[in-house]
Amino acid sequence: MALRASSSRSLGTTSVIGILALFCTMSEFAILTPSIAAFSHHFVGTDITTIMLANSITGIVSVPVSVASGALLPRVGFRRAAIGGILVMTLGGAFPFLLPDITDYGIVIVSRVVVGLGLGVMFPVGNAAIIALCEGEERSRLLGLGITIQFVFNIIYTTVAGYLTELGWNYSFLAYLVGLVPLAAVLAWMPEAKDAVKAAPSHAGADAGEGGRARSAVPPAVAGYALFALAGWTCVVTVQVVTSSVLDWRGLAGPGEAALVINCCGIGTILCGLLFPVLIRWLRGRLFGVAALLIAVGIVPCLLAESPLVYALGVFVLGFAGSAFFTAAQNAAGNIAPPDRVPFVSGVMTSMMNLGPFLAPYVFSASMVALPGLGLDAVFPVLIGLAVVVAVIGLVHPMRALVARRPE
């Protein structure tokens, strides 16, 4: 029962800092969000869907990499995956800054593919380490703090990128270099969790694993939580991805102001992360339904806004509700996952966060085809409908695994 002893012990302060430093780099996928309109102006003749592909391709590349990374963490090591992934993501994302005169948008897309590879390698590490090393209230608190820190840095990344874009379209890529700061904390204090995972006992219903050692089966409910997480997070990131284009189309804001509006999503997420343990105590399994309903409520001001302030209010609500929904899904999956399958389950769940940005531009394009009379606004009623469906399911069928204990 070595895992049990390890997981029940509170982590030291420096170990917590080392783990939470990983979350500082998890929003690098959002760096280009406030620059999309500027890219459209620089790469004249490039279709808007192709422009958005640079933002979304990071997500689809990172999905299989996240799943593979989560499965291999016990063998590769948590620290090694974190350090290597951050380096690849940071340096691969920054290099287009050196190419200000390019007219081939494919180079930007290649850069974002490299970002996706690095992101996929490191993305599961933080949540997997928390779930493997912590239990109960401490786990909920650190998962909430993790997503809070992630979106504190989302604000930093998008603000820096938005205002750097005012200097030139390629300057936004310099925002990736911010990731070198949390990397130093990871190098200094990130604890290694692979021994705790390897020490996990076998369970009934296990499959044959490495070297004949039995591996526990992943509960089918994890797939359900992954799909719920994908639905909720796709609503959040789709609004983020289209914000700069919608505000520019409506004549409400430029890149810098759009970055500030987008950052209101991060502020909502930060507040939610701080309150997440309280939300679980109050709402328990009904948190899924309530959070999904708030996602729908948050999208309404974005549809109707005639000023950046009203749009920002909707984005704030959306950030609060979306982060509550996704963090709850991760927590529920961690609660029912056998300890030795925690890294794999973490990879599956975090891949949903990465898949959302890939789907966003296609949801956007499909919405304009389905509702051509609304122009760029067509995406908002579609997202409201999706959120309402998820809310009804969540309210009718409370998710009991959110307050369940992980199998011993």
Side-chain angles (χ1 to χ4, degrees), residues 59-60 62-64 66-71 120 123-124 127-128 130-132 139-140 143-144 146-147 203-207 215-238 272 276 279-280 283-296 321-360 363 382-408:
I60 194 60
S62 65
V63 167
S66 289
V67 175
S69 175
F123 210 85
N127 288 318
I130 290 171
I131 294 171
R139 186 199 294 173
S140 295
L143 285 174
I147 201 163
H203 301 275
D207 302 317
R215 292 191 307 167
S216 304
V218 176
V222 169
Y225 288 119
L227 291 176
F228 266 81
L230 177 61
W233 199 246
T234 297
C235 291
V236 175
V237 296
T238 300
C272 177
F276 184 70
L279 294 175
I280 288 183
L283 298 172
R284 299 180 69 81
R286 295 196 182 275
L287 177 57
F288 285 97
V290 173
L293 187 60
L294 282 177
I295 289 174
S323 62
F325 191 89
F326 193 91
T327 307
Q330 288 185 109
N331 206 3
N335 284 343
I336 63 175
D340 54 328
R341 302 311 298 274
V342 161
F344 172 76
V345 169
S346 178
V348 171
M349 295 302 295
T350 54
S351 70
M352 296 300 101
M353 181 174 278
N354 297 333
L355 185 57
F358 171 77
L359 295 177
V363 172
V382 171
L383 295 177
I384 291 170
L386 175 61
V388 168
V389 169
V390 174
V392 170
I393 295 173
L395 291 171
V396 172
H397 298 287
M399 307 304 176
R400 294 182 178 85
L402 183 58
V403 290
R405 290 184 61 83
R406 190 170 64 194
E408 299 296 334

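Note that the structure is predicted; figures quoted are calculated from it, not measured.
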What's the spacing between [X] [atom1] and [Y] [atom2] if we round to 0.5 Å?
{"X": "L143", "Y": "Q330", "atom1": "CG", "atom2": "CD", "answer": "6.5 Å"}
{"X": "I336", "Y": "Y225", "atom1": "CD1", "atom2": "OH", "answer": "5.5 Å"}
{"X": "L293", "Y": "L395", "atom1": "CG", "atom2": "CG", "answer": "6.5 Å"}
{"X": "T234", "Y": "M352", "atom1": "OG1", "atom2": "CE", "answer": "9.0 Å"}
{"X": "I280", "Y": "R286", "atom1": "CD1", "atom2": "CZ", "answer": "15.5 Å"}
{"X": "I295", "Y": "L383", "atom1": "CD1", "atom2": "CG", "answer": "10.0 Å"}

Which atom pair, heavy atoms only, marks the closest approach of [X] to [Y]?
{"X": "A321", "Y": "A291", "answer": "CB-O, 3.4 Å"}
{"X": "V345", "Y": "A333", "answer": "CG1-CB, 3.9 Å"}
{"X": "V236", "Y": "G322", "answer": "CG2-CA, 3.6 Å"}
{"X": "A292", "Y": "V390", "answer": "CB-CG1, 3.8 Å"}

(request) Report the C-alpha separation of T238 and V382 in whole Å, then their side-chain angles, then the decisive distance to 0.1 Å, and conclude whether the side chain to side chain contact (heavy atoms under 4.5 Å, CB included) test is met. (result) CA-CA 11 Å; T238 300; V382 171; over 6 Å; no
(message) So, using side-chain hydrogen bond (donor to acceptor under 3.5 Å, both in side chains) as the criterion, who are the partners of S66 when residues are at least two apart?
(response) N354
Side chains of [X] and [Y], heavy atoms from C-beta outward: is any pair under 4.5 Å?
{"X": "V363", "Y": "L386", "answer": "no"}
{"X": "L279", "Y": "C272", "answer": "yes"}
{"X": "L287", "Y": "F276", "answer": "yes"}

(request) Return the orientation label for the F326 and W233 ring planes: parallel under 30°, perpendicular over 60°, tilted otherwise. (result) tilted
(request) Mind checking side-chain contact (heavy atoms from CB on, under 4.5 Å) for V348 and listing every partner two or more places apart, or none if nothing turns up? (result) V67, A226, F344
